[in-house]
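FYI, the numbering just counts along the sequence from 1.
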Amino acid sequence: MNNDLLIFVTNDDGYDAKGFAAAIEVARHFGRVVAIAPETVQSGMSQAITMYRPLFLRKVREEEGVEVYALNGTPVDCVKMAFDHLLLGRKVDLVISGINHGSNAAVNVLYSGTMGAAIEGSFYGCPSVGLSLTDHAADADFDAAVEYGRRIIADVLASKPALPLCLNVNVPIARPEQIRGVKVCRQNRGFWREEFFRREDPRGKEYFWLTGEFVNHEPESEDTDEWALAHGYVSVVPVHTDTTDYSRMEGLRQVIR
């Protein structure tokens, strides 16, 4: 461990999630850790921020080299609270968001609170890594995600990458020795097709539960994150936030005057 490095950790599953503890374990390998996570599960919050109610920050625990806090906000709130208040004026060397319970591959990157926090961290000028395991179980086995998270982060820090840098790292369900390797790849083209289950409460008022199915539009493409995960590899996708569709710009210049 390099005590000169300061690592910030957050997630979207809540401060008491097993994956959050695993992310802190990854971070401790590299330096001192300050962690802020939501009080409750905030999955699917993407870049959401809290504007119309107060935020409450409380310290959960402190031990040698680690401080852990809970915040009644979103994952991005946690990042902002860290950089703009708790760690204001201190140099943060790395942001780790996760380890998420469930995949954030393909279009999930747009919905994910885990990746929302990682992207937000990259705005502050330090390498940011979102770590996810393709297992939603509360008691999931995070050994492979911890081992490969450490490997990938060590390589990134050693390379002194150009900034901003944000990586979306997903780990398949497997023991570490079963992982076939790491694939740097692109985001799969696919979308969720939602379905709503309608129910009625005891007073006859209808309510709905959201569910759905992921539709992979390119299952045979071997350079995507979904293919890598399906074939036993850890996927690493570099993420950026410029959503401009450059291929349409010239055509639009011809029709919009």
Side-chain angles (χ1 to χ4, degrees), residues 1 7-31 33 35-45 60-61 63 65-66 68 70 75 78 94-106 108-109 111-118 128-157 167-185 187-188 192 211 213-214 216 224-237:
M1 181 179 79
I7 317 299
F8 174 67
V9 180
T10 189
N11 79 344
D12 73 356
D13 290 312
Y15 74 93
D16 57 352
K18 184 177 180 181
F20 186 52
I24 291 173
E25 182 182 342
V26 172
R28 293 184 77 158
H29 185 75
F30 298 99
V33 179
I36 306 177
E39 287 275 8
T40 59
V41 175
Q42 297 288 309
S43 295
M45 294 303 286
V60 174
R61 63 183 175 90
E63 58 191 67
V66 177
V68 180
C78 293
L94 175 70
V95 172
I96 298 175
S97 185
I99 298 171
N100 191 63
H101 292 248
S103 171
N104 277 319
N108 289 322
V109 69
Y111 302 111
S112 166
T114 296
M115 286 309 300
S128 296
V129 179
L131 294 175
S132 302
L133 175 69
T134 61
D135 190 341
H136 289 274
D139 62 346
D141 179 356
F142 284 92
D143 286 355
V146 168
E147 180 171 325
Y148 277 87
R150 283 178 176 170
R151 291 188 192 183
I152 291 165
I153 289 169
D155 289 343
V156 168
L157 292 176
L167 300 181
N168 182 14
V169 178
N170 286 273
V171 180
I173 301 173
R175 292 294 301 159
E177 63 274 11
Q178 296 172 319
I179 299 290
R180 297 178 66 185
V182 178
K183 293 279 189 184
V184 176
C185 46
Q187 178 182 320
N188 173 267
W192 283 91
T211 184
E213 180 181 7
F214 180 74
N216 187 340
T224 73
D225 49 10
E226 288 288 346
W227 187 94
L229 291 167
H231 290 80
Y233 293 93
V234 175
S235 68
V236 179
V237 177

Measuring only between side-chain heavy atoms, which start at C-beta, is V26 closer than 4.5 Å to I153? yes

Tell me every residue that passes ring pair (Phe, Tyr, Trp, His ring centres under 6.0 Å) with H136, counting only those two or more places apart in sequence or in another chain. none

Heavy-atom donor-acceptor pair, T10 side chain to C78 backbone, under 3.5 Å: no

Taking the side chain from D13 and the backbone from S43, do they hold a donor-acceptor pair closer than 3.5 Å? no

Between N108 (side chain) and A105 (backbone), is there a donor-acceptor pair under 3.5 Å? yes

Take I24 and V68 through the side-chain contact (heavy atoms from CB on, under 4.5 Å) test and state the conclusion after the steps. CA-CA 9 Å; I24 291 173; V68 180; 3.9 Å; yes

Any donor-acceptor pair under 3.5 Å from T114 side chain to G130 backbone: no

Answer with yes or no whether the side chains of N188 and N216 bring together a donor and an acceptor at under 3.5 Å. yes

With a 4.5 Å cut-off on side-chain heavy atoms, are K183 and H231 touching? no

Would you give the length of the straight line joining atom CG of D139 to atom NZ of K18, rounded to the nearest 0.5 angstrom? 6.0 Å

For the atom pair CG (L229) and OG (S103), what is the distance rounded to the nearest 0.5 Å? 5.5 Å

What are the two closest heavy atoms between Y15 and A70, and how far apart are they? CD2-CB, 3.8 Å

Partners passing salt bridge (Lys or Arg N to Asp or Glu O under 4.0 Å) against D143 (at least two apart in sequence or in another chain): R175

Rounded to the nearest 0.5 Å, what separation is found between the CZ atom of F8 and the OG atom of S128? 10.0 Å

Locate the shortest heavy-atom distance separating L133 from P172; write the atom from each residue and the value. CD1-O, 3.7 Å

Dump the intermediate steps for side-chain contact (heavy atoms from CB on, under 4.5 Å) on V129 and V95, then the final yes or no. CA-CA 6 Å; V129 179; V95 172; over 6 Å; no

Taking the side chain as C-beta and beyond, is there a heavy-atom pair between I99 and N11 under 4.5 Å? no

Does the side chain of P75 reach to within under 4.5 Å of the side chain of M45, using non-hydrogen atoms? yes

In this structure, are over 12 heavy atoms from other groups packed under 6.0 Å from Q178 atom CD? yes

So among V184, V237, V156, which one has a side chain to side chain contact (heavy atoms under 4.5 Å, CB included) with L167? V156

For a 4.5 angstrom cut-off between non-hydrogen side-chain atoms, does S235 reach V169? no

Pairwise side-chain contact, F214 with E226, heavy-atom cut-off 4.5 Å (strictly under): yes

Is the H101-F20 ring centre distance short of 6.0 angstrom? no

Note, N100 side chain near D12 side chain (heavy atom, < 4.5 Å): yes

Does a side-chain heavy-atom distance below 4.5 Å link P38 with T40? no

Looking at SG of C185 and CG of D225, how far apart are the two atoms once the value is rounded to the nearest 0.5 Å? 5.0 Å

Rounded distance [0.5 Å steps], CD1 in I96 versus CD1 in I7: 6.0 Å

How many angstroms lie between atom CZ of R150 and atom CZ of R28, to the nearest 0.5 angstrom? 10.0 Å

Parallel, tilted or perpendicular for Y233 and W227, by the 30°/60° rule? parallel

